Amino acid sequence: MMDFTPLLQPDRGQPARAITLLAADALDAWLNGQSATIRALAAAQRFAAKPNTHLLIPRDDGIAVVAGIADAGSPWALAKLAEALPEGVYRLDGMDVGANALGWLLGQYRFTRYRKAEDAGARVLLTRDVAHRDEVIRIAAATALVRDLVNTGAGDLGPAELEAEAAALASAHHARITVTAGETLARDYPMIHAVGQAATRDRAPRLIELQWGDPAHPRIAIVGKGVCFDTGGLDIKPSSGMRLMKKDMGGAAHALALAGLVMAAKLPVRLHLLIPAVENAVSGASFRPGDVLRTRKGLTVENTNTDAEGRLILGDALTRAGEEKPELILDFATLTGAARVALGPDLPPLFSDDEALATALLAAGVAEDDPVWRLPLWDGYDDMLKSDIADMVNAPDGGFAGAITAALFLRRFVPKDTAWAHLDVFAWRPAGKPGRPKGGDAYALRAAYRMLKERYSGA
């Protein structure tokens, strides 16, 4: 994984190139204070002080930079600069780095597993806010972890590799990891087993659990959907729908990243991370439309669509999480195309019956420029889950309110007295933006982390 530490260094007065941040409405005043040469240079470069533009000014000791911005407090204000500037050491003129540091770091993110990126050298930013330097580096690294895992081809990232990621995380933070597989999984977590049973032996399904922290602290659970590749099963997807299904473990990637942030910050919680890891493959062992699945909770589920498999594995994992009586459960899942139809790629739907938790997540999303959008857990649609032969179906006929009915399905596996939020994340950026290249990406990760910090440490 990329090491961001060298890119954000303490400011001890060392030589650095100055960066002046300038909004468009301040351009005229700034130009009036400059020499004729600089005004001519700005005119020649057609510099308008708009976001993602910059002006290079020659100095005796190198260059100075004037960058156009819309909001100096945005985490992405410096992202384009970090991509475009020459190698060197830089300092913001007249202000400290603040929220801009994240974009500076992630503007230099590259996914290099399959091809070598062009070496543009390091662009180093100096900060006087040393107290928060480690934190922003951790958040950048957590974001990069999500991106790296989602960008990795499914041939190189199956259930065993997700288990290895969780084991590495456990080792780094002295946590305990347990893995349930084989006959024990089939007996104790029948829906996880059913979804993954068609895969080859080396990609067999499993439930990965990590536990960390003082048992006396409040218990929380983080659950992530780990479908490492989703063919759709016997209800097979068309090739266009299968193209990006390496990203169907994006919920697990978010859960791993968030758990790492919680442990690195030493939040006073008892953490329980759960990742049901499967490949929804096609073989003679595939589970079938019309099969009635048993669950860890004891409910029966008529499987109406093998491509609605994520909610099945999450149901067993949520049941397991609830058995430890946590006060809070968060789950992340690349769960429904309906969520993308409703809100597009950038806004993850948030579902929660807990008003305080929903309000806190919404506020944290605004504060972090990492928004979520609340959709209703509409009780009136619960009847859509009725089955003629079992306790419920996994995917109602008709296709109405798909994101809502999926969330209502999950709710049946969450204890009624537990605060729970479900985030239906896309985990993919279809078009690049500064600091956010096309490909795998983290959504609502920073919002969830801020909410947990404020809830449990007051930070």
Side-chain angles (χ1 to χ4, degrees), residues 1-4 7-8 19 21 50-54 67-85 97-115 117-118 120 122-123 125 135-152 243-244 246-251 253-254 256-258 260-261 332 334 339-340 343-350 364-373 423-450:
M1 185 189 299
M2 182 173 178
D3 181 10
F4 293 98
L7 306 181
L8 188 63
I19 299 175
L21 300 183
K50 295 180 180 179
N52 304 321
T53 65
H54 67 275
I69 58 164
D71 178 8
S74 165
W76 310 111
L78 300 184
K80 184 65 177 179
L81 282 181
E83 297 174 6
L85 288 179
V97 176
N100 298 286
L102 184 66
W104 182 271
L105 298 179
L106 290 175
Q108 298 182 65
Y109 166 83
R110 300 291 183 272
F111 180 65
T112 59
R113 177 163 184 161
Y114 300 115
R115 67 178 182 185
E118 180 181 349
R123 279 80 74 197
L125 187 63
E135 176 81 335
V136 74
I137 289 172
R138 287 195 295 264
I139 293 172
T143 305
L145 174 64
V146 175
R147 293 178 179 181
D148 285 352
L149 291 175
V150 174
N151 284 330
T152 298
R243 169 67 177 87
L244 288 179
K246 68 177 184 177
K247 79 173 186 64
D248 214 19
M249 40 57 64
H254 281 74
L256 284 163
L258 181 58
L261 287 170
F332 292 83
T334 52
R340 311 288 79 79
L343 298 178
D346 288 353
L347 278 177
L350 159 67
V366 171
E368 291 292 328
D369 196 12
D370 189 22
V372 298
W373 196 270
L423 291 153
D424 191 338
V425 297
F426 192 42
W428 188 264
R429 190 167 293 280
K433 299 178 181 180
R436 294 149 289 177
K438 179 180 178 180
D441 209 354
Y443 292 89
L445 175 65
R446 302 194 313 278
Y449 178 48
R450 184 184 182 108

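Since this is a predicted model, take the numbers as computed values, not measurements.
Inter-residue side-chain proximity for Arg113 and Asn151 is flagged as unmet; no heavy-atom pair is nearer than 4.5 Å. With a 4.5 Å cut-off on side-chain heavy atoms, Leu7 and Leu125 do not count as touching. Two residues are said to be in side-chain contact when any heavy atoms from C-beta on lie closer than 4.5 Å; His54 and Leu85 meet this criterion. Under the 4.5 Å side-chain criterion, counting only non-hydrogen atoms from C-beta, Tyr109 is in contact with Arg147.
Checking side-chain atoms of Asn100 against main-chain N and O of Ala72 turns up a donor-acceptor pair under 3.5 Å. Proximity of a side-chain donor or acceptor of Arg446 to a complementary backbone N or O of Asp369 within less than 3.5 Å is detected. Between the side chain of Asp441 and the backbone N or O of Trp428, no donor-acceptor pair lies under 3.5 Å. Remark: side-chain polar atoms of Trp104 are paired, donor with acceptor, to backbone N or O of Arg123 under 3.5 angstrom. Lys247 places a side-chain N or O within 3.5 Å of a backbone atom of Phe426 that can act as its donor or acceptor partner.
Atom CG in Leu145 sits 14.5 Å away from atom CZ in Arg138 (nearest 0.5 Å). Once rounded to the nearest 0.5 Å, the distance linking OG1 of Thr334 with CG of Asp424 reads 8.0 Å.
Taking all atoms of both residues into account, the shortest heavy-atom contact from Leu105 to Ala140 is CD1-CB, 3.9 Å. The shortest heavy-atom contact between Pro348 and Leu343 is C-CD1, 4.5 Å. Nearest approach of Ala444 to Phe332, heavy atoms of both residues: O-CE2, 4.2 Å. Summarising the geometry of Ala253 relative to Val146, their closest heavy-atom pair is O-CG2, 3.6 Å, with the distance given to 0.1 Å. Nearest heavy atom pair, residue Leu102 against residue Ile139, reads CD1-CG2, 4.0 Å. Summarising the geometry of Pro434 relative to Lys80, their closest heavy-atom pair is CB-N, 3.8 Å, with the distance given to 0.1 Å.
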Leu347/Tyr443 under side-chain contact (heavy atoms from CB on, under 4.5 Å): CA gap, chis, key distance, verdict: CA-CA 8 Å; Leu347 278 177; Tyr443 292 89; over 6 Å; no

CA sep, side-chain torsions, deciding dist, call: Leu21, Leu78, side-chain contact (heavy atoms from CB on, under 4.5 Å): CA-CA 9 Å; Leu21 300 183; Leu78 300 184; 3.6 Å; yes

side-chain contact (heavy atoms from CB on, under 4.5 Å) between Asp71 and Trp76, worked out: CA-CA 9 Å; Asp71 178 8; Trp76 310 111; over 6 Å; no

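The pair Asp346-Arg436 does not count as a salt bridge, with every side-chain nitrogen at least 4.0 angstrom from each carboxylate oxygen.
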